[in-house]
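Here is the naming used below: chain letters follow the sequence lines, and residue numbers restart at 1 for every chain.
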Amino acid sequence: MAATKKAAAETDEKVSGKVEKKTSGKAATKAAGKTAVADAHAESRQRERLDLKAVALKWQARWQKDAIFRTEDPLTSKKKTYYCLEMFPYPSGYLHMGHVRNYSLGDVYARFKRMNGFNVLYPMGYDSFGLPAENAAIKHRKDPHEWTERNIHGIKTQQQLMGLSYDWSRKLATSHPDYYKWNQWFFLKLLEKGLAYKRKGAVNWCPDCNTVLANEQVVDGKCWRHPETEVESRDLEQWYFKITQYADELLADTEKLTGWPERVRTMQRNWIGRSEGTIITFKVKSSDLTLETFTTRPDTAFGITYTVIAAEHPAIERLLEGLPKQKREEVRKFIKETKKRSVIDRTAEGKEKNGVFLGRWAINPLTGEEFPLWVADYALAEYGTGMVMAVPAHDQRDFEFAKKYGLPIKVVISPDAYTLNPEKMARAYAEDGVLVNSGEFDGTKNQEAMDLITAKLEKMGAGRKAVNYKLRDWLVSRQRYWGTPIPVVYCGKCGTVPVPEKDLPVKLPEGADFQAGGNPLTTVKGFVDVQCPRCGKPARRETDTMDTFVDSSWYFLRYCDPHDAKQPFDKEAAGKFMPVDQYIGGIEHAVLHLLYARFFTKALRDLGLVDVDEPFTRLLTLGMVTKDGAKMSKSLGNVVDPGAIIDKYGPDTARLFILFAALPEKELEWSDQGVEASYRFLCKVAGLLDDVDATSGQTKHDAYVRSKLHTAIKRATDEFDSFRFSVAIQHLMELANTLASYKEQRPNRALYYEAVDALLLLLSPVAPHLSEELWERRGHEGYASVAAWPTHDDKLIDEKAEAAYQAVESLKADIRTVLALAKIGQPKRITLFLADGWKYSFAGRMKELLAETSDAKAVIAALMGSPLKQHGQELMKLVPAIMKDRSKLPAILLTKHEEQAQYAAFADDLAKEFGCAVSIEDAEKSAEQKAKQSFPGKPAILVA
RNA sequence: GCGGGGGUAGCGAAGUGGUCAAACGCGACAGACUCAAGAUCUGUUCCCUUAGUGGGUUCGAGGGUUCGAAUCCCUUCCCCCGCACCA
């Protein structure tokens, strides 16, 4: 911090009042040798450059000194609040372009909202627990605390250098005890509510992380942190959060998230994976065991010819009881081999399905038929009941399996057009049809049979309607050190005992042995060995820590009240800010963080801690930053270091380029020329403040410039508001270009500077430092960054003035009128013969007509949505009215058009209206000739 | 297979019924300045024509609706992303 201030002070002097170009030292280089000349040229180029980095440092220091970006207390501020938030970073120690993009976007919006009178909450913090710190600890034998703090400092320094307008007083870091204490507190609350629980089961294990993973953290069977590492399956006792309890609400509320990208909503829906169906209960023959299966196709239940259960199904051992030893071993061998195979191997599409007969039979409650039970690798223990009823005639997977093992195929749904022959079927018939071989349901349409059969099963006590989800409970425990300790103690007598609230936080101990392998926390004796909070006897502390996604599931609430020592956050303060109005981050969190945070918000709501159902109203997912068509990555060597760009061009240039190059959601291709162009634009804006030869009188361009100014304000404001910054910047460029040429034409002084000032403010969110600098040079008090946003006046937007700017007004107006006329008759061409021998020709295009007066627009309005034929007559009357005040035309020539018989009547109208000659000709050439002959030296109009 | 998003001038990228041959930027070309290069400024940049506020053909392809389509509808091709042996 101090270092930044000092640097700013040093540069302050360098900068002040010297933003404009300096002349090159050409003369000095003349006598020098070749290399020296080149050097000198390079140097002079350098000296010509605007030093935008120095400008930035100067203003960053001032902003900080005056704390102008401090959020007002929401309980006393009269302003409306606006909560703008970027996904907080993991402090890996350096900023990459993706960060720069993310923060630039958020900062522009925060600044825009602030200038528009909102009390903006725009905070920054660090998601500072996690494996990289621990790995660094192992590698460098350093404490993860130290590594993390150093990185936070590093990344914060870079963020400040970008000029981001965070309220730094709200900074938080999840690895600080005053933060993670509340993770523990929430854990206890969820435990009380039954929303946190511990159970044993098959879990994903990453051998690289040496810890378990949540389902969401397994991508294509690999660890999300280690894309090379296949996840293993292990049977372990772990802590879970009961996110499935909210599955329905999480799914239903995706409908409310209209401010989210469609694909994120879809991804969440897919992930939750709700499907409606029926659970059917089967009795196992010669046993008192029953088995349940979930199906979405109860209509095919009469066609069951076998079932398969997953290798991990808990009932298998009991099913094997009493079977011949040989059979038992055969099945166990199959199960063992299946479990050994990797997740990928087992779940890849198109894999051949394998199975083994279990030696048992079950009974179809609907038919009384017996069918064999199989164990198969295509049944997933994690989905449904872990058992699939197989109807090979109507399910492709079952069909393939049945064919492979010679199991029977029974058709129960018949297509309308033909009959299925089970012997000859090449594939399953999965479409709709009518039930056959289904007892009392024969002849029923299968869609209708679904409910009927479910009802029958229900009546028999052999089934029920059910909803099934793909979503699993969130596995939150991790066998790692650098995370929030789970606040639980295991006592031989009392069992699992929560740590009392008064003993929170359970702090991460120092002195863990990171070289030992396994969870370093287990090596800290004083941490593990505790007294039972309940009975006082020696007990063992839980050494698992929480998934870092717990940290990020509520940090947006902590920002609302970041220093509260008594509670995670003040409900009233949170109520003022929440939900987050605009959230910005990467698409990679489409299900992970965004789903967890939604769950957490709902759970906290049910704990009475917040009043909102959803945490994020609008979500913006960033596109990637690429270079040479590929994502920037170290391995490809196409990484552009933001620090280097900022050093060379200043933060404003970096921000401008990255905002201008693409719309936020789109991929952004890095371009060095684009950066140069952005820099040039900023220089151009600075140049507007150079000396101007202005007048106090009016100029002929004033109306045009004023109109341009107000158009730019209007459009840019709209575009900023709707997060289309690149388009907003285009409008600023247009305005700057207009002003640059206006400046050369002895502009009206007041108007010129009015426009320049507005431009500076409009530019301020994008290039805040330069705007401040120029704002100051213009002699304004106060900061541009917090000045009021410019407003436009529709009355001053004069498109005609804008259009007339480059034309000879009177002639043009007449020509346009003619065009309007011409349009009515749908001619191909209109030619205007002028008295001086000039001839103008036009295509009859509606755009020209629209360029006409507001009356012409009324004509179009009347025309819209209706066939011309019907309105032709009406239009014939309207158009002359428009022309009423036009200069008298001596003659109008019309050429005949097959489909335009109404020309004759029209011609008469025109003749009366304008008191001029109108003649209708067959062909263009003859018309032209006739015009010259009949009206020598006079203007005429030819409509062809 | 299911679901989502796209295909616009040499490139990036706006434009979702009418001032659209299509903003803005890059690149390219020409001119000014310069001994020259760079930087800067001006103009041009789909094709033809040009004295032009001219003509022609465009917005993946084909068809349709409309007075009018890059924009709406249908068909089709291609690309990207997510999920996927989910019973």
>> Between A:K666 and B:A14, is there a contact of a side-chain N or O with OP1 or OP2 at under 4.0 Å?
In response: yes
>> Taking the P atom in each of B:G60 and B:A9, what is the distance between them to the nearest angstrom?
In response: 8 Å
>> By the 4.0 Å heavy-atom rule, please label A:I729 as base, sugar-phosphate, or nothing.
In response: nothing
> What integer number of Å spans the P atoms of B:G15 and B:A23?
Replying inline: 13 Å
> Over how many whole Å does the gap from A:E669 atom CD to B:G10 atom C1' extend?
Replying inline: 16 Å
For nucleotides 25-32 of chain B, give me every protein contact, N/O to N/O, under 3.5 Å, one pair per line with atom names.
{"from": "B:C26", "atom 1": "OP1", "to": "A:R680", "atom 2": "NH1", "distance (Å)": "3.1"}

> What nucleotide, of B:A23, B:G82, B:G5, holds the atom closest to the side chain of A:E262?
Replying inline: B:G5
> Rounding to a whole Å, what distance do you find between A:L759:CG and B:C24:C1'?
Replying inline: 15 Å
> Taking atom C1' of B:G82 as reference, at what distance in whole Å does atom CD1 of A:I587 sit?
Replying inline: 8 Å
> Parallel, tilted or perpendicular: which fits the ring planes of A:F725 and A:F723, with parallel below 30° and perpendicular above 60°?
Replying inline: tilted
>> Nearest whole Å is fine: how far is B:A87 C1' from A:M450 CE?
In response: 13 Å
> Distance between the C1' atoms of B:C80 and B:A30, in whole angstroms?
Replying inline: 40 Å
>> Given B:C86, B:C85, B:G82, identify the nucleotide with an atom nearest to the side chain of A:K470.
In response: B:C86
> So, do A:K353 and A:K404 sit near enough that their side-chain heavy atoms are less than 4.5 Å apart?
Replying inline: no
> Whole-Å distance between B:C86 C1' and A:I272 CD1?
Replying inline: 15 Å
>> Just the rounded figure in Å: distance from C1' of B:C85 to CG of A:N354.
In response: 12 Å
> Expressed in angstrom and rounded to an integer, what is the separation of A:Y383 atom OH from B:C85 atom P?
Replying inline: 11 Å
> Which listed nucleotide (B:G4, B:A87, B:A14) is nearest to the side chain of A:Q730?
Replying inline: B:A14
>> Rounding to an integer number of angstrom, what distance separates B:G56 and B:U49 when you compare their C1' atoms?
In response: 10 Å
> How far does the C1' atom of B:U75 sit from the matching atom of B:A22, given to the nearest Å?
Replying inline: 27 Å
>> Side chain of A:L380, heavy atoms from C-beta onward: which of B:G82, B:G5, B:A87 has the nearest atom to it?
In response: B:A87
> After noting the C-alpha distance and the side-chain angles of A:E262 and A:R265, does the key distance pass the salt bridge (charged side-chain N to carboxylate O under 4.0 Å, His left out) rule?
Replying inline: CA-CA 5 Å; A:E262 194 51 46; A:R265 294 207 278 169; 2.9 Å; yes
> Expressed in whole Å, how much space separates the C1' atoms belonging to B:G27 and B:C78?
Replying inline: 27 Å
> In chain order, what residues pass the side-chain hydrogen bond (donor to acceptor under 3.5 Å, both in side chains) check against A:Y429, with sequence neighbours excluded?
Replying inline: none
>> So, OP1 or OP2 of B:G15: does either fall under 4.0 Å of a side-chain N or O from A:R724?
In response: yes
> Does A:H313 have any side-chain hydrogen bond (donor to acceptor under 3.5 Å, both in side chains) partners at least two apart in sequence or in another chain, and if so, which?
Replying inline: none
>> For the C1' atoms, the ones on B:C81 and on B:U71, what distance do you get once it is rounded to whole angstrom?
In response: 25 Å
>> On the side chain of A:K353, is there an atom forming a donor-acceptor pair with the base of B:C85 - under 3.5 Å, no angle test?
In response: yes
> Does any nucleotide pair with B:U58 by Watson-Crick or G-U wobble geometry, both distances under 3.5 Å, and what is it?
Replying inline: none
> Checking all strands, does A:E734 fall into the base, sugar-phosphate, or nothing category for heavy-atom contacts under 4.0 angstrom?
Replying inline: sugar-phosphate
> How many angstroms lie between CZ in A:R297 and CG in A:N446, if you round to the nearest 0.5 Å?
Replying inline: 5.5 Å
>> Using atom P in both nucleotides, what's the gap between B:C33 and B:C24 to the nearest angstrom?
In response: 27 Å
> What's the verdict on side chain to side chain donor-acceptor pair (under 3.5 Å) for A:T244 and A:D473, showing C-alpha distance, side-chain angles and the deciding distance?
Replying inline: CA-CA 6 Å; A:T244 53; A:D473 276 338; 2.6 Å; yes
>> Regarding A:T454 and A:T278, do their side chains bring together a donor and an acceptor under 3.5 Å, going by distance alone?
In response: yes
> When the distance from CG of A:L682 to P of B:A39 is rounded to whole Å, what number comes out?
Replying inline: 18 Å
>> As a quick check of understanding, evaluate side chain to side chain donor-acceptor pair (under 3.5 Å) for A:N270 and A:K470, giving each step before the final call.
In response: CA-CA 8 Å; A:N270 286 346; A:K470 237 173 62 180; over 6 Å; no
